[in-house]
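The analysis underlying the following values was restricted to heavy atoms, covering all of them including side chains, and did not include hydrogens, waters or symmetry mates.
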Amino acid sequence: MIEALLVHLERYTHLTQAEKELLLQHTQFRTVEKNELIIREGDLATRIYFLVSGCVRLFYNVNGTEKTAFFYTEGQFICAGESYTYHVPAKENYQAVEQSQLAYFPEENIEQLLKESSKFELLARIATENELINCQHIIASFVTKSAEERYSDLLENRSDLFLRVPQQYIASFLGVSPETLSRIKKRVHQRMKLTRNS
């Protein structure tokens with residue numbers, strides 16, 4: 001798990017051997033089982049997570065119904081941003097969709113790392129920016145696109161999710177019922193078949 005973490009982080013910045021050793025001194029790891037909640041609505045978020053392997057969904061409880069907002073996969077930071085920054089209860093839930101391996105950084109460890117090297121300040125900024133970009137993509141998608149267009153985007157850009165995530169979560173993410181998702185899938189795949197044959 002340690003090697004996988006370092007490989008992922010190299011995508012963001014190059015760490016010296018000394019910085020890698022410092023990072024590992026302040027990093028903790030855990031394996032979460034399928035369906036296990038990592039952060040629950042009402043919790044105070046005091047850690048930033050990094051998804052080394054697996055898949056995690058972000059969802060909200062809306063009048064007793066779970067509404068999926070996002071899926072995280074390998075190489076992404078996970079943080080309940082508002083709760084972590086302002087020390088207020090989280091409004092969202094983060095749940096493992098499959099067995100997942102997480103590296104995590106308690107708040108006090110992050111503060112120590114930030115004192116030691118500007119590289120960790122960069123990583124912290126990237127983690128924050130990633131959350132902001134994800135939120136903007138979600139909002140833009142719902143404001144500007146139909147459910148069918150969002151499905152096509154997901155198929156084009158995140159096709160792995162269809163093999164990893166239950167259909168009801170995909171439907172919830174697209175803002176439709178599982179039955180509507182089945183009809184959308186049929187239409188999109190028929191259109192793709194016609195395009196290939198033309």
Report task. Apply side chain to side chain donor-acceptor pair (under 3.5 Å) to Ser118 and list each qualifying residue two or more places apart in sequence or on a separate chain. Result -> none
Query - salt bridge (Lys or Arg N to Asp or Glu O under 4.0 Å) partners of Glu116, counting only residues at least two apart - result: none
Query - Distance (rounded to the nearest 0.5 Å) between Cys79 SG and Tyr94 OH - result: 7.0 Å
Requested in this report: May I ask you to establish whether Arg57 and Phe70 are in a cation-pi arrangement, using a distance under 6.0 Å from NZ or CZ to the six-membered ring centre and at most 45° from the ring axis?
Outcome: no
**Report entry** Note, Tyr84 side chain near Ile48 side chain (heavy atom, < 4.5 Å)
**Finding:** yes
Donor-acceptor pairs under 3.5 Å, side chain of residues 22-29 to any protein atom, not counting sequence neighbours: which ones?
residue: His26; atom: ND1; partner: Leu22; partner atom: O; Å: 3.0
residue: Thr27; atom: OG1; partner: Leu23; partner atom: O; Å: 2.6
residue: Gln28; atom: OE1; partner: Tyr104; partner atom: OH; Å: 2.9

Query raised in the report: Using a distance-only test with no angle check, is there a side-chain donor-acceptor pair under 3.5 angstrom linking Gln101 and Ser53?
Result: yes
Query - side chain to side chain donor-acceptor pair (under 3.5 Å) involving Glu129 - partner list, sequence neighbours excluded - result: Arg125
Query - Heavy-atom side-chain contact between Tyr49 and Val56 under 4.5 Å - result: no
Query raised in the report: Which heavy-atom pair separates Cys55 from Ser100 by the least distance, and what is that distance?
Result: N-OG, 3.2 Å
Query raised in the report: Members other than Leu181 in its cluster, when Ile, Leu, Val, Met, Phe, Trp, Tyr link by side-chain heavy atoms under 4.5 Å?
Result: Phe71, Val97, Tyr151, Leu154, Leu155, Leu161, Phe162, Val165, Tyr169, Ile170, Phe173, Leu174, Val176, Ile184, Val188, Met192
**Report entry** Asp43 side-chain N/O to Ile39 backbone N/O, donor-acceptor pair under 3.5 Å
**Finding:** no
Report summary line: Those residues at least two apart in sequence (or on a different chain) that pass side chain to side chain donor-acceptor pair (under 3.5 Å) with Ser83 are none
Report summary line: For Glu41, the salt bridge (Lys or Arg N to Asp or Glu O under 4.0 Å) test, sequence neighbours excluded, returns none
Query raised in the report: Ion pair present between Glu149 and Arg187, side-chain N to carboxylate O less than 4.0 angstrom?
Result: no
Query raised in the report: With clusters built from Ile, Leu, Val, Met, Phe, Trp and Tyr whose side-chain heavy atoms come within less than 4.5 Å, directly or transitively, what are the remaining members of the cluster of Ile139, listed by chain and number?
Result: Val143
**Report entry** Listed partners of Glu156 passing side chain to side chain contact (heavy atoms under 4.5 Å, CB included), at least two apart
**Finding:** none
Query - Partners meeting salt bridge (Lys or Arg N to Asp or Glu O under 4.0 Å) with Glu107 (sequence neighbours left out) - result: none
Requested in this report: Verify the distance criterion only: is there a donor paired with an acceptor across the side chains of Thr73 and Arg158 at less than 3.5 Å?
Outcome: yes
Query raised in the report: Is a side-chain N or O of Ser141 found less than 3.5 angstrom from the main chain of His137, in a donor-acceptor match?
Result: no
Query - Minimum heavy-atom distance between Val52 and Ala4, given as atom pair plus value - result: CG1-CB, 3.5 Å
Requested in this report: I would like to know whether Glu74 and Arg164 meet salt bridge (Lys or Arg N to Asp or Glu O under 4.0 Å); could you show each step before the answer?
Outcome: CA-CA 12 Å; Glu74 292 84 359; Arg164 306 173 73 173; 2.9 Å; yes
Query raised in the report: Applying the 4.5 Å side-chain criterion to the ILVMFWY set and letting contacts propagate, would Ile78 and Leu37 be lumped into a single cluster?
Result: no
Query raised in the report: What about Tyr12 and Phe77, are their ring centers closer than 6.0 Å?
Result: yes
**Report entry** Heavy-atom check, side chain of Gln95 versus side chain of Asn35, under 4.5 Å
**Finding:** yes
Query raised in the report: Could you give the distance from CG (Leu51) to NE2 (His8), rounded to the nearest 0.5 Å?
Result: 7.5 Å
Query - Charged N-O contact under 4.0 Å between Glu148 and Arg191 - result: yes
Query raised in the report: What residues, two or more places apart in sequence or in another chain, satisfy side chain to side chain donor-acceptor pair (under 3.5 Å) together with Arg40?
Result: none
Requested in this report: Output the rest of the hydrophobic cluster of Leu163: all Ile, Leu, Val, Met, Phe, Trp and Tyr residues reachable through side-chain heavy-atom contacts under 4.5 Å, sorted by chain and number.
Outcome: none
Query raised in the report: According to a 4.5 Å side-chain heavy-atom criterion applied to Ile, Leu, Val, Met, Phe, Trp and Tyr, with indirect links allowed, do Phe50 and Leu123 form part of one hydrophobic cluster?
Result: yes
Report summary line: CD of Glu66 to CZ of Phe59, rounded to nearest 0.5 Å, is 4.0 Å
Requested in this report: Examine the side chains of Gln167 and Ser182 and answer whether a donor and an acceptor come within less than 3.5 Å of each other.
Outcome: yes
Report task. Please check if atom CD in Glu121 has more than 12 non-hydrogen atoms from other residues, nucleotides or ligands closer than 6.0 Å. Result -> no
**Report entry** Nearest-0.5 Å distance that lies between atom CG in Leu102 and atom OG1 in Thr31
**Finding:** 8.0 Å
Query - Nearest non-hydrogen partners of Glu33 and Ala96, listed with the distance - result: O-CB, 3.5 Å
Query raised in the report: Would you call Glu19 and Lys119 a salt bridge, taking side-chain N to carboxylate O under 4.0 Å as the test?
Result: yes
Query - Cationic N near anionic O, under 4.0 Å, Lys20 to Glu3 - result: no
Query - Carboxylate-amine/guanidinium contact Glu36 Arg30, below 4.0 Å - result: yes
Query raised in the report: Do you know the tightest heavy-atom contact between Ala69 and Ile138?
Result: O-CD1, 3.1 Å
Requested in this report: Please report the closest heavy-atom contact between Asn93 and Asn61, naming both atoms and the distance.
Outcome: ND2-ND2, 3.5 Å
Report task. Identify the two heavy atoms, one from Gly42 and one from Pro89, that lie closest to each other, and give their separation to 0.1 Å. Result -> O-CB, 3.6 Å
